[in-house]
There are 2 protein chains.
Amino acid sequence: MNDVAAAAGVALKTVSRVVNAEPGVHPATADRVRAAIDRLGYRRNDSARTLRRGRTASIGLVIEDAADPFYSGLSRAVEDVALRHGFLMFTGSSSEDPARERELVLAFCARRVDGLVIVPAGADHQYLSPELDAGVSAVFADRPSGSGRDLDTVLCDNAGGARTGVAHLIAHGHRRVGFIADAPSIFTATQRWYGYRQALTRAGLPYDPALVAMGPPEPARVLADVTRLLRLAEPPTALFTGNSRTTVATLRALRALTDPAELAAPVALVGFDDFELADLLGITVVSQHPAELGRAAADLLFSRLSGNKEPAQRRELPTHLIVRGSGEGTFRLF
Amino acid sequence: MNDVAAAAGVALKTVSRVVNAEPGVHPATADRVRAAIDRLGYRRNDSARTLRRGRTASIGLVIEDAADPFYSGLSRAVEDVALRHGFLMFTGSSSEDPARERELVLAFCARRVDGLVIVPAGADHQYLSPELDAGVSAVFADRPSGSGRDLDTVLCDNAGGARTGVAHLIAHGHRRVGFIADAPSIFTATQRWYGYRQALTRAGLPYDPALVAMGPPEPARVLADVTRLLRLAEPPTALFTGNSRTTVATLRALRALTDPAELAAPVALVGFDDFELADLLGITVVSQHPAELGRAAADLLFSRLSGNKEPAQRRELPTHLIVRGSGEGTFRLF
DNA sequence: TTGAAAGCGCTAACAG
DNA sequence: CTGTTAGCGCTTTCAA
């Protein structure tokens with residue numbers, strides 16, 4: 001900036017004014033400055049700007065996995081809101097590891113991001129307290145903060161969505177519905193499990209723990225659980241799966257377990273979360289919209305960044321049942 | 001840092017030494033400093049550190065769309081490499097818009113990122129020159145830089161992959177193979193088109209422009225093109241699709257165009273890019289590995305950041321044919 | 001082993 | 001409309 005000022009024959013501050021489009025610079029002067037800027041290839045150093053102004057115009061996003069379609073949809077939505085506000089976004093994947101989540105968040109804070117959107121991997125967010133005191137804003141998305149203070153949170157209607165999906169199966173005559181989902185340590189899985197039980201209760205059906213299988217959505221584990229369920233003395237006639245990864249793993253398991261001579265899968269199926277090609281496969285799902293989740297969280301964050309001091313909010317986004325066949329009759333897997 | 005120094009009864013510089021784990025501080029002094037740090041909730045301001053040191057330990061990644069599975073896989077791989085090096089990563093989606101790519105890249109440079117991984121939307125990268133002169137490193141991934149200087153680039157074997165896929169269809173008896181792909185303005189689409197023609201030539205088959213349809217992978221446009229191809233006087237007996245979005249759009253088009261009473265699709269199909277559930281749908285694909293692309297690009301970038309001054313490199317990653325049924329006979333769409 | 005001083009590049013506050 | 005000065009929080013350099 002000094003060099004530009006010298007080249008244009010003005011003071012440093014005038015260059016600053018031109019660079020920041022501040023009013024009150026004579027057009028001719030401004031032109032001279034701009035010419036010098038171009039000639040010298042000058043670009044403002046935002047690190048210095050940041051240091052001086054105290055605001056970085058950047059936010060940090062911590063998700064579970066940037067490669068997971070659900071979170072990448074959310075990520076894109078947050079990015080779009082950030083860019084619309086002229087903010088840049090750091091991204092980090094926690095891989096469902098609370099320590100990594102913490103490291104990422106603290107690294108973002110050391111970079112003095114103005115705000116954070118966090119899909120929490122851990123339940124304990126004490127570590128955030130000093131940062132919040134220092135002025136960062138944080139919004140939780142997809143899952144609530146486990147402890148610490150009351151913070152803005154955007155969730156979907158996990159229990160209601162699961163209840164609707166299971167009720168749909170029951171309405172189609174199923175009286176034994178299996179539940180395959182993520183580990184109970186994960187908030188959304190527990191909520192959906194609760195919705196599953198609610199649906200049973202409301203229909204006057206008994207809750208049978210043998211029909212429930214919760215754990216990581218890894219193919220091997222899901223295959224083992226689906227196998228166990230189908231070999232029960234009284235096997236389920238339908239399955240409700242707790243998220244898209246589990247649904248996909250269940251589809252693979254069903255294919256592995258089904259005699260190719262049969263055209264139909266041995267059970268009906270409804271899954272939580274929509275996924276690409278679910279339409280072509282004819283899978284009925286309870287859909288939530290990752291982009292809407294991200295947008296809502298980012299909007300909330302930016303309202304905080306522009307001074308909104310209301311008490312912490314907890315928004316719950318609706319889910320939608322999308323009927324495609326797999327939950328209404330049997331469906332083909334081959 | 002000043003406050004911590006005062007609280008610990010030492011000079012600012014001693015706090016700096018402790019914070020950065022520099023040697024030459026008496027353990028007792030260091031303990032006193034650490035106690036003060038904890039008491040005051042002090043966290044180093046990385047913006048100031050950055051300003052002074054000239055390095056930010058951050059990189060910028062510009063992709064086409066964070067929500068696209070291909071680019072989100074690439075993104076996650078770059079992120080992992082960055083984190084392993086102790087770097088943080090800004091992400092931005094260009095939406096295939098050269099202006100937005102440029103804005104993102106320049107915004108990252110203003111933040112003084114040390115390096116960039118760019119999936120170029122535009123062909124002109126003149127705007128990068130001043131930044132490169134100023135010392136940023138840049139690596140291009142998935143597509144080459146259109147112009148300007150010679151820069152590190154990581155691609156996959158687009159032409160070879162397409163040639164293999166088309167040759168596979170020809171080997172299965174198809175003599176009229178349709179080609180549906182992205183617009184010719186997109187590097188990968190042009191390369192794959194070239195591979196398609198190569199395969200025809202090598203098999204002694206004529207090139208028929210009527211069998212080629214290139215354009216944005218939007219459902220409506222793909223449906224129109226598939227319709228046109230299938231209604232040709234001499235329709236293709238097989239289709240080769242140029243990327244996963246196009247493949248999926250083609251599948252939807254085929255379903256829309258096929259009488260549900262028929263069990264089989266009217267054509268055979270091989271697609272460029274693997275995608276989730278392609279296995280369950282039985283789609284034969286030419287697979288490239290987005291994570292490997294990202295990893296290779298990031299590795300190259302970090303080798304530059306640690307001083308590698310060799311001439312620019314162009315790496316080409318192999319592709320793999322994955323046979324699943326749709327390219328070998330007819331396949332079921334329902 | 002510890003500290004003092006200078007300055008990274010910028011903007012806020014205040015003069016002229 | 002333009003300029004001067006101070007200082008953001010840190011690291012580098014040099015000295016004790």
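Letters A, B, ... are given to chains in the order of the sequence lines, protein chains preceding strands, and every chain is numbered from 1. What you see is a predicted model, and the numbers here were worked out from it, not measured in a lab.
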If the condition is side-chain contact (heavy atoms from CB on, under 4.5 Å), which residues does [X] pass it with, not counting sequence neighbours?
X         : value
Asn45(A)  : Ser47(A), Ala48(A), Leu51(B), Arg112(B)
Glu96(A)  : Glu64(A), Ala121(A), Arg143(A), Ile186(A)
Arg53(B)  : Arg49(B)
Glu103(B) : none

Opening and closing nucleotides of DNA chain D in contact with chain A, under 4.0 Å to non-hydrogen atoms: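 Result: dC1(D) to dG9(D).
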All pairs passing ring pair (Phe, Tyr, Trp, His ring centres under 6.0 Å) where residues 65-92 of chain B contributes a residue, at least two apart: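 Every pair satisfying ring pair (Phe, Tyr, Trp, His ring centres under 6.0 Å) with a residue in residues 65-92 of chain B: Phe90(A)-Phe90(B), His85(B)-Phe302(B), Phe87(B)-Phe302(B), Phe90(B)-Phe108(B).
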Which ring pair (Phe, Tyr, Trp, His ring centres under 6.0 Å) pairs, counting each pair once, include a residue from residues 116-148 of chain A, with sequence neighbours left out?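 Qualifying pairs: His125(A)-Tyr127(A), His125(A)-Phe140(A).
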Test salt bridge (Lys or Arg N to Asp or Glu O under 4.0 Å) applied to Arg44(B) - qualifying residues, sequence neighbours left out: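 Checked Arg44(B) against salt bridge (Lys or Arg N to Asp or Glu O under 4.0 Å); matches are Asp46(B).
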Glu79(A): salt bridge (Lys or Arg N to Asp or Glu O under 4.0 Å) partners, not counting sequence neighbours: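 In terms of salt bridge (Lys or Arg N to Asp or Glu O under 4.0 Å), with neighbours along the sequence ignored, Glu79(A) is linked to Arg100(B).
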Distances for protein N or O near nucleotides 7-11 of chain C N or O, under 3.5 Å:
| from | atom 1 | to | atom 2 | distance (Å) |
| --- | --- | --- | --- | --- |
| dG7(C) | N2 | Arg52(B) | NH1 | 3.1 |
| dG7(C) | N3 | Arg52(B) | NH1 | 3.2 |
| dG9(C) | N2 | Ala48(A) | O | 3.4 |
| dC10(C) | OP1 | Tyr42(A) | OH | 2.5 |
| dC10(C) | OP1 | Asn45(A) | N | 2.9 |
| dC10(C) | OP2 | Met1(A) | N | 3.1 |
| dT11(C) | OP1 | Asn20(A) | OD1 | 3.3 |
| dT11(C) | OP1 | Asn20(A) | ND2 | 3.1 |
| dT11(C) | OP1 | Arg49(A) | NE | 2.9 |
| dT11(C) | OP2 | Ser16(A) | OG | 2.9 |
| dT11(C) | OP2 | Asn20(A) | ND2 | 3.3 |
| dT11(C) | O2 | Arg52(A) | NH1 | 3.1 |

Interatomic spacing from CG in Asp299(A) to CG in Asp152(A) - rounded to 0.5 Å: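 The CG atom of Asp152(A) is 12.0 Å from CG of Asp299(A), to the nearest 0.5 Å.
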If we fit an axis to the first five pairs and another to the last five of the helix from dT1(C)-dA16(D) to dG16(C)-dC1(D), what angle do they make, to the nearest 10°?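 Roughly 30°, once rounded to the nearest ten degrees.
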Which pairs, with at least one residue in residues 2-13 of chain B and sequence neighbours excluded, count as a side chain to side chain donor-acceptor pair (under 3.5 Å)?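 Qualifying pairs: none.
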When all nucleic acid strands are considered with a 4.0 Å heavy-atom cut-off, which category describes Thr29(B): base, sugar-phosphate, or nothing?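 It contacts sugar-phosphate atoms only.
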